[in-house]
Amino acid sequence: MIATLRGLLAGGLLALCLTTAAFAQTDVEETAEQWDSVAVKAEQSVEEADTPTSELDSLRGRIVNYRSEFEAARSLNAERIAALRDQLAALGTAPEGENAEPEAPEVAKTRADINQQLNTLLAPVQIAEREFLRADGLVREIDKIIRERQTERLLRTTPSPLNPVYWGPALVEMQDAFAAFWQESAEQDTDSALNTLENNLPTVFFAGIAGLLLLFRGRVWAMKIAHTLRVHQARGMGIWRFVVSLLRILFPLVGLYLLTIAARQSGFLGARATQVVELLPLIGLLIFGFRWVSERVFAREEDEALLPLSAQQRKSARLYVNAITFVMILSIVALTVLEIGDPSLATRAVVQFPLAVLTSLALFQIGRILRSYREPEEDTPDADGMTKASSHARVVRGAGLGAIAVSVVAPLLYAFGYQDLSDAILRPYVTTLAVLGLVMALQRFSADVYGAITGQGIAAREALMPLFFGLILLLLAMPVLALVWGARVADLTELWAAFSRGFTIGESQISPSNLLA
């Protein structure tokens, strides 16, 4: 009786495992059938040289989704498969050859049942493994094609802006673009605009009033908050100064956003004017963001400056940062207006070249200031009469040397017709300096917070923990810097996916989750 019950129980478990495996195999097979049509289309698109990059990007997104599904299915029933393999290993090797003694019928039956279960469980895993490799190969091919196209675009030559032949047509195209911009505003249907304004009057009125107040009074309000905290001697003044400095850019930025909403809802803007007005938040972010970073790195108060330069050097650095910001905004607006009329490459080069030169001049001066950076410890020789620079000082001076090099090379590349390559090093380098300044400001803020918590005050800025926070902030800034220098989001997600999958040693797969466990 007991033996019969054991047999029935074993049979039931076997049937349950086979049924579950059958369902899993069906799901994987259905996904594989749907994926096959996408894969065929992707393979055809990869083979065609004229497939648009946007189409390849779209296909890549779909392929990555399927690849994720197959990657998850690769570990389907992993524990059960491992257990069955252990059971086979426990049974030993099956006898082979004519002279070998046959194994016991019970052992042979058990081996056959285990092999049957194992083959059933392995079927969806093998399908998933095959299709995963196919999808992964297609992703790599698409990424290679897109990278090659990016490289070709960077190295393509455009008309030189120094050629006087292009100056006249560029001036005409600029005039036509601005004339079309104003003409569209003049031809706006006044009655329709008034009706739209009447319908949206509450939104326009309140958003406009609030936007103007925040834009013109926001910094004043932030200063009053700082004064109140200073009068009451609030604990952790460094923290409150940081928060107030954020409010000084946050209030005007929100004000610009509200003014953008009011302008769009007024009904008096045409398509071209709407495109320019929608740039207001971006322009505000550039103005207030760059100014905030410069006022933290090159602060007016010597004890708050992140780089202990002279007062005149800090003032000059802030002036040059403001100049770069102004030129970048001018460049964005000019390009936006020009793009409406689809200008030629020569016109783009002629219009953007003077702005690139102005940016390079300001960047050159900032580079000179950073190159002159010295820490007080460097003026004190050691016992051997030698002076040593800290790693921080070397990094700052290295950034200054890079700024000087970029400011010289970028205009030359522009002049010789490598407009895309010049843009690919000039603007990213300026943005990189801003990001590193932001990291320094956040690191100082973390040090002030740590000092307020531990009671160390300003002395905490030299402690070990704030340096550790700075390292974490720098690591978090790495993906941002990669995007600034031309990496795609897909490149970063692919790198993270490869890191998450880990690496193979023999028959073992080592992943971050394994290391953490």
Side-chain angles (χ1 to χ4, degrees), residues 8-48 51 55-89 91 94 108-146 490 493-504 506-514:
L8 290 175
L9 181 60
L13 290 175
L14 174 61
L16 179 61
C17 291
L18 293 179
T19 303
T20 304
F23 279 125
Q25 181 173 356
T26 302
D27 291 340
V28 173
E29 288 178 350
E30 289 178 356
T31 304
E33 290 177 2
Q34 298 171 2
W35 148 247
D36 187 64
S37 60
V38 177
V40 171
K41 182 180 179 180
E43 289 166 350
Q44 293 173 350
S45 299
V46 166
E47 292 176 358
E48 297 174 359
T51 304
E55 183 179 338
L56 289 177
D57 261 329
S58 177
L59 277 172
R60 186 190 185 282
R62 297 178 64 186
I63 294 171
V64 167
N65 291 335
Y66 278 107
R67 186 182 65 176
S68 300
E69 293 186 28
F70 290 128
E71 183 177 8
R74 290 166 71 190
S75 58
L76 200 64
N77 301 317
E79 295 181 358
R80 181 60 181 161
I81 290 173
L84 291 174
R85 285 174 172 168
D86 290 341
Q87 293 178 40
L88 282 178
L91 292 177
K109 183 178 183 303
T110 302
R111 188 189 304 277
D113 292 341
I114 293 175
N115 279 322
Q116 181 184 359
Q117 295 180 57
L118 189 60
N119 292 333
T120 304
L121 293 173
L122 282 175
V125 175
Q126 292 169 343
I127 295 174
E129 180 71 25
R130 181 190 68 206
E131 301 303 335
F132 169 82
L133 295 175
R134 185 183 183 187
D136 190 59
L138 281 172
V139 168
R140 294 177 186 276
E141 286 188 66
I142 292 175
D143 285 342
K144 181 181 177 182
I145 292 173
I146 293 177
T493 55
E494 188 67 20
L495 185 62
W496 177 254
F499 173 75
S500 301
R501 285 195 294 268
F503 54 92
T504 303
E507 296 183 356
S508 301
Q509 184 75 12
I510 307 299
S511 64
S513 59
N514 299 138

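Note that these values count all heavy atoms, side chains included, but never hydrogens, waters or copies made by symmetry.
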Asks: Do you know which two heavy atoms are closest between A32 and I127, and how far apart they sit?
Replies: CB-CG2, 4.2 Å

Asks: If you round to the nearest 0.5 Å, how far is CZ of R80 from CG of L122?
Replies: 12.0 Å

Asks: Of all residues at least two apart in sequence or in a different chain, which pass the side-chain contact (heavy atoms from CB on, under 4.5 Å) check with T493?
Replies: V489, A490

Asks: Extract all donor-acceptor atom pairs below 3.5 Å that involve side chains of residues 134-143 and protein atoms in other chains or at least two apart in sequence.
Replies:
unit_1, atom_1, unit_2, atom_2, d
R134, NE, E43, OE2, 3.2
R134, NH1, D36, OD1, 3.0
R134, NH2, E43, OE2, 3.4
D136, OD1, R67, NH1, 2.8
D136, OD2, R140, NE, 2.9
D136, OD2, R140, NH2, 3.3
D143, OD1, R60, NE, 2.7
D143, OD1, R488, NH2, 2.9
D143, OD2, R60, NH2, 3.2

Asks: Quick check: closest heavy atoms across A42 and L59, and the distance to 0.1 Å?
Replies: CA-CD1, 4.0 Å

Asks: For residues 114-125, which residue pairs qualify under salt bridge (charged side-chain N to carboxylate O under 4.0 Å, His left out), counting only residues two or more places apart or in two chains?
Replies: none

Asks: So for atom CD, which belongs to E48, do other residues, nucleotides or ligands contribute more than 12 heavy atoms lying within a distance under 6.0 Å?
Replies: yes

Asks: If the condition is side-chain contact (heavy atoms from CB on, under 4.5 Å), which residues does T110 pass it with, not counting sequence neighbours?
Replies: L91, I114

Asks: Considering residues at least two apart in sequence or located in another chain, which fulfil the salt bridge (Lys or Arg N to Asp or Glu O under 4.0 Å) criterion with R111?
Replies: E103

Asks: Tell me, please, which residues at least two apart from R85 pass side chain to side chain donor-acceptor pair (under 3.5 Å).
Replies: none

Asks: For V46 and T51, what are the C-alpha separation, side-chain angles and deciding distance, and is it a side-chain contact (heavy atoms from CB on, under 4.5 Å)?
Replies: CA-CA 7 Å; V46 166; T51 304; over 6 Å; no

Asks: Could I get the full list of side-chain contact (heavy atoms from CB on, under 4.5 Å) partners for E47, not counting sequence neighbours?
Replies: none

Asks: How long is the gap from CG on L121 to CD on Q126, to the nearest 0.5 Å?
Replies: 11.0 Å

Asks: Is any side-chain heavy atom of V38 closer than 4.5 Å to a side-chain heavy atom of K41?
Replies: no

Asks: For E69 and E131, run side-chain contact (heavy atoms from CB on, under 4.5 Å): C-alpha distance rounded to whole Å, both residues' side-chain angles, the deciding distance at 0.1 Å, then the answer.
Replies: CA-CA 10 Å; E69 293 186 28; E131 301 303 335; over 6 Å; no

Asks: Please give me the minimum heavy-atom distance between V28 and F70, naming the atom from each residue.
Replies: O-CE2, 4.5 Å

Asks: Can you sort out the partners of F132 under ring pair (Phe, Tyr, Trp, His ring centres under 6.0 Å), two or more places apart, ordered by chain and number?
Replies: none

Asks: With sequence neighbours excluded, tell me which residues meet side-chain contact (heavy atoms from CB on, under 4.5 Å) with E129.
Replies: R74, L133

